[in-house]
Amino acid sequence: MFLVRLLYASKASADFNFSQIDSILESAVKNNIKNEITGMLSINHKFFLQCLEGERSKVNQTFQKIAVDSRHTDVTILHYDSIDTREFSDWSMGFSSQKGAHQGINLKHSVSSIFNPFEMSGASCYALLLELSKAISSE
């Protein structure tokens with residue numbers, strides 16, 4: 001069995017309502033625990049950025065379900081690689097809502113303080129999620 005890390009971005013569709021986040025997270029945590037997947041999700045009203053880590057077939061199956069969810073469009077894989085260790089091992093699904101407090105972190109990894117993963121490299125998106133996970137862990 002191989003561990004992989006998959007990082008993707010997507011755009012919120014007209015079907016997405018920010019009030020659905022609790023339901024999305026609850027479902028993700030439940031399914032990720034069952035499938036031994038770890039990761040991090042960051043969103044605002046326009047974009048999703050998510051990292052999934054785990055056994056290759058389980059990550060692939062999870063991503064296939066995510067990709068057809070009508071709450072987002074333009075699902076784009078930014079990075080996919082075999083890994084030796086997980087970076088989000090303490091999180092069945094870490095979560096960071098993109099608020100004003102994160103503008104400095106966004107600017108550090110992007111050309112703008114406004115969160116838009118489609119204007120960032122896969123490596124920058126990954127670094128952003130790592131830093132956000134550390135920021136919310138210390139809150």
Side-chain angles (χ1 to χ4, degrees):
M1 295 198 324
F2 297 95
L3 280 176
V4 297
R5 179 176 298 120
L6 184 150
L7 182 70
Y8 78 88
S10 61
K11 296 176 182 175
S13 70
D15 295 341
F16 175 69
N17 183 323
F18 205 80
S19 66
Q20 298 169 320
I21 286 301
D22 289 338
S23 172
I24 291 170
L25 291 172
E26 185 178 308
S27 177
V29 167
K30 179 181 145 195
N31 291 323
N32 288 354
I33 288 171
K34 181 177 74 174
N35 291 309
E36 298 181 314
I37 292 174
T38 56
M40 178 79 184
L41 170 66
S42 186
I43 67 162
N44 66 6
H45 291 285
K46 294 182 182 179
F47 302 105
F48 292 80
L49 175 62
Q50 186 170 17
C51 180
L52 302 171
E53 301 171 325
E55 194 271 319
R56 180 173 45 199
S57 66
K58 290 180 181 178
V59 167
N60 291 348
Q61 289 168 1
T62 298
F63 178 72
Q64 289 172 7
K65 290 176 186 174
I66 290 169
V68 296
D69 190 315
S70 66
R71 293 172 290 199
H72 62 166
T73 63
D74 299 330
V75 179
T76 304
I77 294 175
L78 303 174
H79 180 80
Y80 186 95
D81 203 4
S82 296
I83 57 173
D84 295 324
T85 58
R86 299 172 192 244
E87 289 293 338
F88 301 101
S89 60
D90 293 336
W91 303 85
S92 55
M93 185 45 58
F95 173 70
S96 175
S97 174
Q98 283 290 327
K99 298 178 183 172
H102 299 304
Q103 288 181 342
I105 295 173
N106 290 333
L107 188 57
K108 181 177 178 182
H109 298 286
S110 178
V111 297
S112 170
S113 62
I114 299 170
F115 176 68
N116 182 346
F118 287 93
E119 293 180 350
M120 301 168 64
S121 70
S124 292
C125 285
Y126 176 61
L128 173 74
L129 287 178
L130 285 174
E131 192 161 343
L132 288 172
S133 73
K134 291 175 186 169
I136 61 174
S137 291
S138 64
E139 291 178 350

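Note that the numbering runs from 1 along the sequence shown for the chain.
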A side-chain contact here means heavy atoms from C-beta on lying under 4.5 Å apart; do [X] and [Y] qualify?
{"X": "Met93", "Y": "Leu41", "value": "yes"}
{"X": "Ile43", "Y": "Phe18", "value": "yes"}
{"X": "Gln50", "Y": "Met40", "value": "no"}
{"X": "Asn44", "Y": "Ser97", "value": "no"}
{"X": "Gln64", "Y": "Val59", "value": "no"}
{"X": "Phe2", "Y": "Ile83", "value": "no"}

Could you grab the distance from atom [atom1] of [X] to atom [atom2] of [Y], nearest 0.5 Å is fine?
{"X": "Ser110", "Y": "Leu128", "atom1": "OG", "atom2": "CG", "answer": "8.0 Å"}
{"X": "Gln61", "Y": "Leu52", "atom1": "CD", "atom2": "CG", "answer": "12.5 Å"}
{"X": "Asp74", "Y": "Phe48", "atom1": "CG", "atom2": "CZ", "answer": "12.0 Å"}
{"X": "Arg71", "Y": "Ser13", "atom1": "CZ", "atom2": "OG", "answer": "9.0 Å"}

field: salt bridge (charged side-chain N to carboxylate O under 4.0 Å, His left out) against Asp15, all qualifying residues, sequence neighbours excluded
entry: none
Can you name the side chain to side chain donor-acceptor pair (under 3.5 Å) partners of [X], sequence neighbours left out?
{"X": "Ser10", "answer": "His72"}
{"X": "Thr38", "answer": "Glu53, Arg86"}
{"X": "Ser124", "answer": "Ser121"}
{"X": "Glu55", "answer": "Ser57"}

Test your reading of the model: is there a side-chain donor-acceptor pair from [X] to the backbone of [Y], 3.5 Å cut-off?
{"X": "Ser133", "Y": "Glu131", "answer": "no"}
{"X": "Ser96", "Y": "Leu132", "answer": "no"}
{"X": "Arg5", "Y": "Thr85", "answer": "yes"}

Of all residues at least two apart in sequence or in a different chain, which pass the side chain to side chain contact (heavy atoms under 4.5 Å, CB included) check with [X]?
{"X": "Tyr80", "value": "Val4, Leu6, Arg56, Asn60, Ile77"}
{"X": "Ser113", "value": "Gln103, Leu107"}
{"X": "His79", "value": "Leu7, Asp81"}

Among residues at least two apart in sequence or on other chains, which ones pass ring-ring contact (aromatic ring centres under 6.0 Å, His included) with [X]?
{"X": "His109", "value": "none"}
{"X": "Phe88", "value": "none"}
{"X": "Phe63", "value": "Tyr8"}

Can you name the closest pair of heavy atoms from [X] and [Y] and give their distance?
{"X": "Tyr126", "Y": "Glu87", "answer": "OH-CG, 2.6 Å"}
{"X": "Ala9", "Y": "Leu78", "answer": "CB-CD1, 3.8 Å"}
{"X": "Ala67", "Y": "Val75", "answer": "O-CG2, 3.9 Å"}

- request: Mind running side-chain contact (heavy atoms from CB on, under 4.5 Å) on Asn106 and Ile114 for me, showing each step along the way?
  value: CA-CA 7 Å; Asn106 290 333; Ile114 299 170; over 6 Å; no
message: I want to check a possible cation-pi pair here: Lys46 against Phe115, using under 6.0 Å from ring centre and within 45° of the ring axis as the test.
response: no
Side-chain polar contacts of residues 19-30 - donor-acceptor pairs under 3.5 angstrom, sequence neighbours left out - could you list them?
unit_1, atom_1, unit_2, atom_2, d
Ser19, OG, Asn17, OD1, 2.9
Gln20, OE1, Asn17, N, 2.9
Ser27, OG, Asn31, ND2, 3.4

message: Let me check something: do Ile33 and Phe95 share a hydrophobic cluster, defined by ILVMFWY side-chain heavy atoms less than 4.5 Å apart, either directly or through other members?
response: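 Ile33 and Phe95: one cluster.
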